[in-house]
Amino acid sequence: MQIYNTLTRTKEEFIPKEPGRVNMYVCGPTTYNFIHLGNARPLVFFDTVRRYFIYKGYQVNYVQNFTDVDDKIIKRAQEEKMDPLELAQKYIREFFVDADALNVMRAETHPKVSEHIQEIIALIKKLEANGNAYAVDGDIYFEVRSFPGYGKLSGRSLEDMQAGARVEVDPRKKDPMDFALWKAAKPGEPSWPSPWGKGRPGWHIECSAMAEKYLGAGFDIHGGGFDLIFPHHENEIAQSEAACQQPFARYWMHNGFITVNQEKMSKSLGNFFLVREILAKFPPDVVRWYLLSTHYRSPLDFDDEKLVMAGKGLDRIKTAIRLLYEALARPIQPGTDAVQRDTLLADRLALLRLEFEKAMDDDCNTALAVSIYFELAKEVNIFVGKLGPELSQANKEALEQAHLLMKDFNRVLGILKEDQRTGQLILGEAGQDDQLAEGLVQLIIKIRQEARAKKDWSTADTIRDGLKELGIILEDTPQGVRWKKQG
RNA sequence: GGCGGCAUAGCCAAGUGGUAAGGCAGAGGACUGCAAAUCCUCCAUUCCCCAGUUCAAAUCUGGGUGCCGCCUCCA
């Protein structure tokens, strides 16, 4: 498998540190608000990376942190007259509401800054001992000049950065790029005792401390958005490598931005859309499908029309699954035809599986993988279209194989949930939720069928049009009437 | 000022040297009482522009144009 490594700016063969295991750390949000679509992209993408590793048989240890101690949280808490840690906790709960909706698997560990103060202090002490940190009025800074590799991730030198720096230079710092490891407490802020007095951690140190604790130095994959490359990840590398004297993470993966009118969706521009605003208008599987339809390193522009388009595409997949289940439910023809193997479909399925894996092996190209899912849907549609009212044993086996492949693709992309009992993919609100509605629709369909039998087309059409108004679509097929709720 | 990315049909979007995937929309056909769904066919002689390398370039090199990002909190 090839992974594009930001550190080397090339695709590299992925070789885990320990065979069969993948350790990955993905930066999670600072929890002072609901998450927006820009936060959802890395969430969904790295969840998909993880799922693909699981598909390939790796044991994955996935860590995603919450930054629950931070300036913005403190500010927001003061505005809302809340305790900062309580506020952070609230938005952590809300984070999971959105993440669950998007079918994002829980990480093995979701560490919080507030619960790792001791590890953070220990790491800062180590940096002090190694001569990489210095104190100024109760604050502790990391001295970037003391770490020779500074700038290697973002591809710039300290000189480059100073040339046009727009930073306000704090004269107490030895170098403008030096950054805080520990901040002295101010009144009313959460703080913890430390060798340097009461205070709280700086922004970058937590990821260094928690990643090392749960994954060990030199772990496999570190992920996040492009905007974290500098300064956040650059600083993590500096801290961790200065402290541990060995490489921090081996592969760095960064996702591109969500844009609105081609501009970055960001909190400072105010052009962001909350995940739950979007989920009020579009089903979560559509949102996930949309996010995975573009390569993760490319920008992805957002507007409602694009989600409508994604929804129509996903409907195509769902229709194929629906047709597959309908076919699978047909009676089996008596008699033996074990000789009549359906190798044609089986061969196509094997090829599609290979193509899907090839796409995902190439730096997790989900956009290509999605297109192969479409081809699978078409293959199923063609096959089902040729079936008679009764299935041969060979037909049934072929359909079951197709079902397996559908489920495997789906498990990797994480689009539809599976019914634990039947093992079938759940297609959404397709009618099995409400018994009364189910009964009523069946009754109406029966009446309409009687009208149709009498060639009373006007009644039949009135019923069909009327149901459509209510969001129920009827489709007449040679096998009978099929209905679904409008997606 | 420094560093980096992107430009492919009406729209979305893969493709990094071998002759343009896939989806949406659209056109025609099959099926249907009519629809819907599905299937079949069509829909970029061409990949922002110019020059170069090559037997061969959307893909490599140089130049240009346009858009975007990072260098400050941001996924």
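All chains are named by letter (A, B, ...) in the order of the sequence lines, taking the proteins before the strands, and each is independently numbered beginning at 1.
- Rounding to the nearest 0.5 Å gives a distance of 11.0 Å between CG of A:Leu87 and CD1 of A:Ile74.
- For A:Lys484, no side-chain nitrogen or oxygen approaches OP1 or OP2 of B:rA37 to under 4.0 Å.
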Parsed dot-bracket for RNA chain B after applying the Watson-Crick and G-U rules with both distances under 3.5 Å and | for other-strand partners is ((((((((.[[[..)..(...]]].(((((.......))))).....[[[[[..)....]]]]])))))))....
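- One finds a side-chain N or O of A:Asn365 lying less than 4.0 angstrom from the OP1 or OP2 phosphate oxygen of B:rG15.
- Taking the charged nitrogens against the carboxylate oxygens, A:Lys183 and A:Asp70 have no contact shorter than 4.0 Å, which rules out a salt bridge.
- Classified by interplanar angle (parallel below 30°, tilted 30° to 60°, perpendicular above 60°), the ring pair A:Tyr55/A:Tyr52 is parallel.
- Side-chain atoms of A:Asn235 and A:Tyr150 form a donor-acceptor pair, as typed in the model, at a separation below 3.5 Å.
- The phosphate of B:rA75 (OP1 or OP2) has no side-chain N or O of A:Lys264 nearer than 4.0 angstrom.
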Its contact letters, B for base, S for sugar-phosphate only and - for none at protein heavy atoms under 4.0 Å, make nucleotides 16-28 of chain B read -----BSBSS---
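- Put simply, CD on A:Gln449 and CD1 on A:Ile463 are 9.5 Å apart, with the number rounded to the nearest 0.5 Å.
- In this structure a side-chain-to-backbone donor-acceptor pair under 3.5 Å is missing from A:Asp362 to A:Asn365.
- Side chain to side chain, A:Asn23 and A:Tyr214 fail the donor-acceptor criterion of an N or O pair below 3.5 Å.
- Ring planes of A:Tyr25 and A:His222: tilted class, angle from 30 to 60°.
- Mapping A:Gly155 and A:Pro231 onto RNA chain B by nearest heavy atom places A:Gly155 at the nucleotide closer to the 5' end.
- Checked by distance alone, A:Asp476 brings a side-chain donor or acceptor within 3.5 Å of a matching partner on the base of B:rC34.
- Within 4.0 Å of A:Arg41, counting heavy atoms only, lies no atom of the nucleic acid at all.
- Between the P atom of B:rC6 and the CZ atom of A:Phe257 lies a distance of 14 Å, rounded to the nearest Å.
- Using a 4.0 Å heavy-atom cutoff across all strands shown, A:Thr319 reaches sugar-phosphate atoms only and no base atom.
- Within 4.0 Å of A:Gly38, counting heavy atoms only, lies at least one base atom of the nucleic acid.
- Using the six-membered ring where Trp is involved, A:Phe302 and A:Phe273 have ring planes that are tilted, between 30° and 60° apart.
- Salt bridge A:Arg145/A:Glu159: present, at least one basic N to carboxylate O contact under 4.0 Å.
- Separation of the P atoms belonging to B:rC68 and B:rU59 is 24 Å when rounded to the nearest angstrom.
- On the C1' atoms, B:rC55 is 12 Å away from B:rG17, given to the nearest whole Å.
- B:rA36 and B:rC24 have their P atoms separated by 15 Å, with the value rounded to a whole Å.
- Per the geometry, CD belonging to A:Gln449 stands 12 Å off P belonging to B:rG33, to the nearest Å.
- The distance from atom OH of A:Tyr32 to atom C1' of B:rC73 is 7 Å, rounded to the nearest whole Å.
- With rounding to whole Å, A:Phe356 atom CZ is found 16 Å from B:rA14 atom P.
- Taking every side-chain heavy atom of A:Ile258 into account, B:rA75 is the closest of B:rG69, B:rC70, B:rA75.
- Put simply, CG on A:Asp301 is 21 Å from P on B:rG5, counting in whole angstrom units.
- The separation of B:rA9 from B:rG4, taken at their C1' atoms, amounts to 29 Å, rounded to a whole angstrom.
- In this structure, the side chains of A:Leu300 and A:Tyr290 come closer than 4.5 Å at one or more pairs of heavy atoms.
- Residue A:Leu474 is in base contact, counting any heavy-atom pair closer than 4.0 Å across all strands shown.
- For the P atoms, the distance linking B:rG26 with B:rG10 amounts to 16 Å, nearest Å.
- Rounded to an integer number of Å, the gap from CD of A:Gln262 to P of B:rC67 is 12 Å.
- Comparing A:Tyr296 and A:Arg9 by the nucleotide of RNA chain B that holds the closest heavy atom to each, the one mapping nearer the 5' end is A:Arg9.
- In this structure, a donor-acceptor pair under 3.5 Å is present between the side chains of A:His254 and A:His233.
- Comparing the same atom, C1', in B:rA13 and in B:rC49 gives a spacing of 23 Å after rounding to whole Å.
- A:Glu108 has a carboxylate O that lies under 4.0 Å from a charged side-chain N of A:Arg50, or vice versa, which qualifies the two as a salt bridge.
- The residue A:Gly256 sits close to a base: some heavy atom pair falls under 4.0 Å.
- Residue A:Asn255 has its side chain nearest to B:rA75 when only B:rC70, B:rC39, B:rA75 are considered.
- Separation of the C1' atoms belonging to B:rA58 and B:rG15 is 9 Å when rounded to the nearest angstrom.
- Using C1' as the reference atom, B:rA20 and B:rU8 are 8 Å apart when rounded to the nearest Å.
- Under 3.5 Å, the side chains of A:Thr48 and A:Arg288 contain a donor-acceptor pair of N or O atoms.
- If you check every strand for non-hydrogen atoms under 4.0 Å, A:Arg448 touches a base.
- Listed in residue order, the members of residues 456-473 of chain A having a heavy atom less than 4.0 Å from RNA chain B are A:Trp457, A:Asp461, A:Arg464.
- Straight-line distance from the CZ atom of A:Arg297 to the P atom of B:rA13: 16 Å, rounded to whole Å.
- At B:rU38, none of the side-chain N or O atoms of A:Asn381 fall inside 4.0 Å of OP1 or OP2 (strictly under the cut-off).
- Whole-Å rounding puts the A:Phe226 CZ to B:rC71 P distance at 14 Å.
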